[in-house]
Amino acid sequence: MKRRYFQIIKLMQKDMDISQRDIAKTLKISLAYVNKILFDMEHDNFLYTEGVPPFGKKRLTEKALNAFEECRVDNAIVMAAGFGSRFVPLTYATPKGLLEVFGERMIERQIEQLQAAGIKDITIVVGYLKETFEYLIDKYGVKLVYNPDFKVKNNLSTLYHVREKLKSTYILSSDNWLRENMYHSHEYDSWYSAVKVTGKTKEWILKTGLHDKIMDVKVGGRNGWVMYGPVYFSKEFSSKIRPLIEEAYKSEDTDDWYWEDVYMRNIKELTMFANKQGEHQVYEFESLDDIRLFDSSYLLSSHDKWLELISNVFKRPEHSITNLKPLKFGMTNKSFLFEVEGEEYIFRIPGEGTEALINRKEEYDVYKAISSLNLSDSIIYFDPEKGVKITKFIPNSHNAEARNPEDLKKCMNVARRLHESGLKVDHSFDLRERMNYYERLAHEKNGIFYHDYHEVRLLMNELLEIIEKIEKPHVLSHIDLVPDNFIINENDVHLIDWEYAAMCDPLIDIAMFAIYSYYDNKELENLISLYFERPAKEEERIRIYCYVALSGFLWALWTCYKEALGVSFGDYGLKMYRYAKDYYKKVKEIIDNEH
């Protein structure tokens, strides 16, 4: 069946008596061309004339109806696995597709539009906060498929995990908003929704040919039609792209690929057309500021507790909180950057399970104690109950680099300054107590321990006995003294994140810096020399080596607990556990040599 035949059959299905003039107007072609197509359709047995010419009516034949039915859309797939980083802090609790626009959740609006077009088989591919989508099964009868790769791969992986569902299929993004329903029960050619942009754009610009067939795609440019919104795969298109998706998914270096990358690389074999949409039809909101411009209710309130808190702290309306950006998730917390009246700030939200690991009142006491040193970032707000914190952003700065000699000198100068400050707090850091505590937490959550855990635990007990017999200083120590917690700018070095700080042997900080930096022994010895500004004594080296092993063991236990909560840290725990084993041996070698 030809493309024009399909279009006319589709119109006649809606209005059996549609005039040739209305067909010409709808399809934006000449009346003479319509007459020719109708003549060809009758010749090909897609139409017959009912009644006496020239007053007879054109009617669809059984052949036409059967051919049209072959174009029925089978299903729809909604991609909803991603985080939506540009919408923090809203997306910390709500996936982007479940955000409301004009009081209606974006994903629900699209589901209802699909169902209104007769599309009942709808699959939603979930990942981040997957549980929040479960209610849609009962409300709309949709299916959920989990994408286990959502944290590490792009949307190529989303289609890979539903590749067997690719037939005559609509592909949607959960966070699109369509003004008018653009879905239909029947489709002919594969298409990608397109909108016209003027000026510079980072979107994917289309070069089109006859009938808006997509001839080429390039990322970024100026003035043109860009890929924007939903997509339709015909059966033929699906059968061709499915093996290409499988091949790409299994290849190396494709974690950041979109499925469109597969399409672009095989554009000559994968026929697709631009489905050009008018202005104000398709919306892909890039940020909270975009939604505020579209739905003015967001100017008053986003109904997000963190933005409400910022508004109250700064005594400014929510719409004055702008340029929200996620920062790299820490191992303990998640944070985002925001701006109020031209000044930048960082908002810290405690991560999953940290209430069991960190005493926020003790952290607050540390911040009060160190205020005279002017070492830390500037605190604007601190909630000692919840651990929520707002600090001033330090511009024109960088995190210390673990293998930059100048940065290392600055970091060790700060460490000495802290350790020699004479400042005190009422709480201490006890490695034995922490190890026992983390071990209990991991057991309670059915954490998976290392195969030789019990044997290694006995070795760590030996080191604890060694370190506890040594007379040593008891000073305010950071405990989490790692390169990422040093912020260096032109004039100053700031030490941030004092969550674990307490009274302790200061040499534990040197061990923590080394293991977080994944130092080998030569690099550790260099760090020790920089800290002491002299060769280390044997007893000092034993203490540091003990702390390397014990701290590695402690953080390996910590990851057992966190991973039991569903938070993954890759091979971090493995590396920490290896420090425990390797430096136990080094401590024993030093002691054995002494004897």
Side-chain angles (χ1 to χ4, degrees), residues 1-76 113-121 166-171 180-194 206 208-215 225 230-241 268-278 281:
M1 181 173 61
K2 298 177 181 178
R3 193 166 188 254
R4 289 299 189 190
Y5 288 13
F6 171 82
Q7 293 172 330
I8 290 177
I9 293 171
K10 189 175 180 180
L11 292 174
M12 292 181 70
Q13 284 280 67
K14 291 182 179 179
D15 180 3
M16 187 171 61
D17 295 319
I18 188 170
S19 69
Q20 294 181 21
R21 193 172 299 278
D22 286 339
I23 291 174
K25 183 178 179 182
T26 303
L27 299 183
K28 298 178 181 178
I29 56 179
S30 69
L31 187 59
Y33 189 25
V34 170
N35 284 326
K36 181 183 183 307
I37 297 170
L38 294 177
F39 177 83
D40 290 342
M41 287 179 72
E42 193 157 5
H43 178 268
D44 292 337
N45 198 28
F46 283 91
L47 291 177
Y48 69 93
T49 302
E50 181 181 79
V52 180
F55 303 105
K57 299 287 187 179
K58 301 294 184 185
R59 295 290 182 252
L60 297 173
T61 65
E62 191 71 21
K63 179 181 178 181
L65 295 174
N66 290 337
F68 186 69
E69 189 58 25
E70 289 178 4
C71 297
R72 180 176 290 278
V73 177
D74 292 312
N75 61 344
Q113 288 175 330
L114 285 166
Q115 291 184 339
I119 314 302
K120 306 300 182 184
D121 184 353
L166 295 177
K167 307 171 189 173
S168 172
T169 304
Y170 284 122
I171 310 294
E180 302 296 335
N181 192 346
M182 58 189 289
Y183 306 117
H184 302 281
S185 60
H186 296 72
E187 293 282 1
Y188 186 69
D189 294 308
S190 298
W191 54 257
Y192 205 122
S193 173
L206 303 174
T208 58
L210 184 65
H211 301 307
D212 290 328
K213 180 182 177 182
I214 300 173
M215 308 303 292
W225 289 92
V231 185
Y232 168 69
F233 287 5
S234 68
K235 282 187 175 70
E236 181 184 2
F237 187 94
S238 289
S239 67
K240 288 182 178 180
I241 199 171
K268 291 182 179 179
E269 292 76 39
L270 297 171
T271 301
M272 181 172 275
F273 293 80
N275 187 355
K276 294 180 177 178
Q277 299 297 308
Q281 162 60 10

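Here the structure is a predicted model, which means the values were calculated and not measured. Only this structure's heavy atoms are used, side chains among them; waters, hydrogens and symmetry mates stay out.
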Novice: Looking at every non-hydrogen atom in both residues, tell me the closest pair between Ala116 and Asn181 and how far apart they are.
Specialist: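 Minimum heavy-atom separation between Ala116 and Asn181: CB-ND2, 3.9 Å.
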Novice: Say whether, by atom type as modelled, one donor and one acceptor occur between the side chain of Ser190 and the main chain of Met272 under 3.5 angstrom.
Specialist: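 Flag not set: sc Ser190 to bb Met272 has no pair under 3.5 Å.
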Novice: May I ask you to check whether over 12 heavy atoms, not counting those of Glu236, lie within 6.0 Å of atom CD?
Specialist: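 Count not over threshold, so no.
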Novice: Indicate the atoms forming the closest heavy-atom contact of Asn275 with Met182, along with that distance.
Specialist: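 For Asn275 and Met182, the tightest heavy-atom pair comes out as ND2-CE, 4.0 Å.
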Novice: Please confirm whether His186 and Phe68 have ring centers closer than 6.0 angstrom.
Specialist: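 Centroid distance His186-Phe68: below 6.0 Å, so yes.
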Novice: For Glu187 and Ser168: C-alpha separation, side-chain torsions, deciding distance, then whether side-chain hydrogen bond (donor to acceptor under 3.5 Å, both in side chains) applies.
Specialist: CA-CA 8 Å; Glu187 293 282 1; Ser168 172; over 6 Å; no
Novice: Just by modelled atom types, is the Gln281 backbone N or O under 3.5 Å from a matching donor or acceptor in the Glu180 side chain?
Specialist: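 Not confirmed, Glu180 side chain does not pair with Gln281 backbone.
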Novice: For a quick test of reading the model, state the closest non-hydrogen atom pair linking Tyr188 to Arg3 and the distance between them.
Specialist: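 What the structure gives for the nearest pair is CE2-CA, 3.3 Å.
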Novice: Is any side-chain heavy atom of Val34 closer than 4.5 Å to one of Leu38?
Specialist: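 Yes; the side chains approach each other to less than 4.5 Å.
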Novice: Check the surroundings of atom NZ in Lys10: do more than 12 heavy atoms from other residues, nucleotides or ligands lie under 6.0 Å from it?
Specialist: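 It does: Lys10 NZ has more than 12 such atoms within range.
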Novice: Where do Pro230 and Trp191 come nearest, in terms of heavy atoms and distance?
Specialist: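 Taking every non-hydrogen atom into account, O-CZ3, 3.4 Å.
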Novice: Using a distance-only test with no angle check, is there a side-chain donor-acceptor pair under 3.5 angstrom linking Asp44 and Tyr5?
Specialist: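 Yes, because at least one side-chain N or O of Asp44 sits under 3.5 Å from a partner of the opposite role on Tyr5.
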Novice: How close do Leu47 and Leu60 get, counting heavy atoms only, and between which atoms?
Specialist: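 Taking every non-hydrogen atom into account, CD2-CD2, 3.6 Å.
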Novice: Can you see whether Tyr33 has Arg4 sitting over its ring - NZ or CZ less than 6.0 Å from the centre and within 45° of the normal?
Specialist: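 Not satisfied by the 6.0 Å and 45° rule.
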Novice: Look only at the side chain of Asp212 and the backbone of Thr208, and say whether a donor-acceptor pair between them is shorter than 3.5 Å.
Specialist: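 No; judged by distance alone, with no hydrogens or angles, the pair does not exist.
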Novice: CD1/Ile8 to NZ/Lys58 distance, rounded to the nearest 0.5 angstrom?
Specialist: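 Those atoms lie 11.0 Å apart.
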Novice: Provide the closest heavy-atom pair for His184 versus Tyr170 in the form atom of the first, atom of the second, distance.
Specialist: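 Residues His184 and Tyr170, closest heavy atoms: N-OH, 2.8 Å.
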Novice: Whether Asp74 and Lys120 form a salt bridge (side-chain N of Lys/Arg under 4.0 Å from carboxylate O of Asp/Glu) is what I want to check.
Specialist: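 Judged by the 4.0 Å cut-off on N to carboxylate O distance, Lys120 and Asp74 do not form a salt bridge.
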Novice: State whether a side-chain donor-acceptor pair under 3.5 Å links Thr169 with Asn75.
Specialist: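 Side chains of Thr169 and Asn75: pair found under 3.5 Å.
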Novice: Could you check whether the rings of His43 and Phe39 sit parallel, tilted or perpendicular, using 30° and 60° as the cut-offs?
Specialist: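 The arrangement is parallel - the two ring planes meet at less than 30°.
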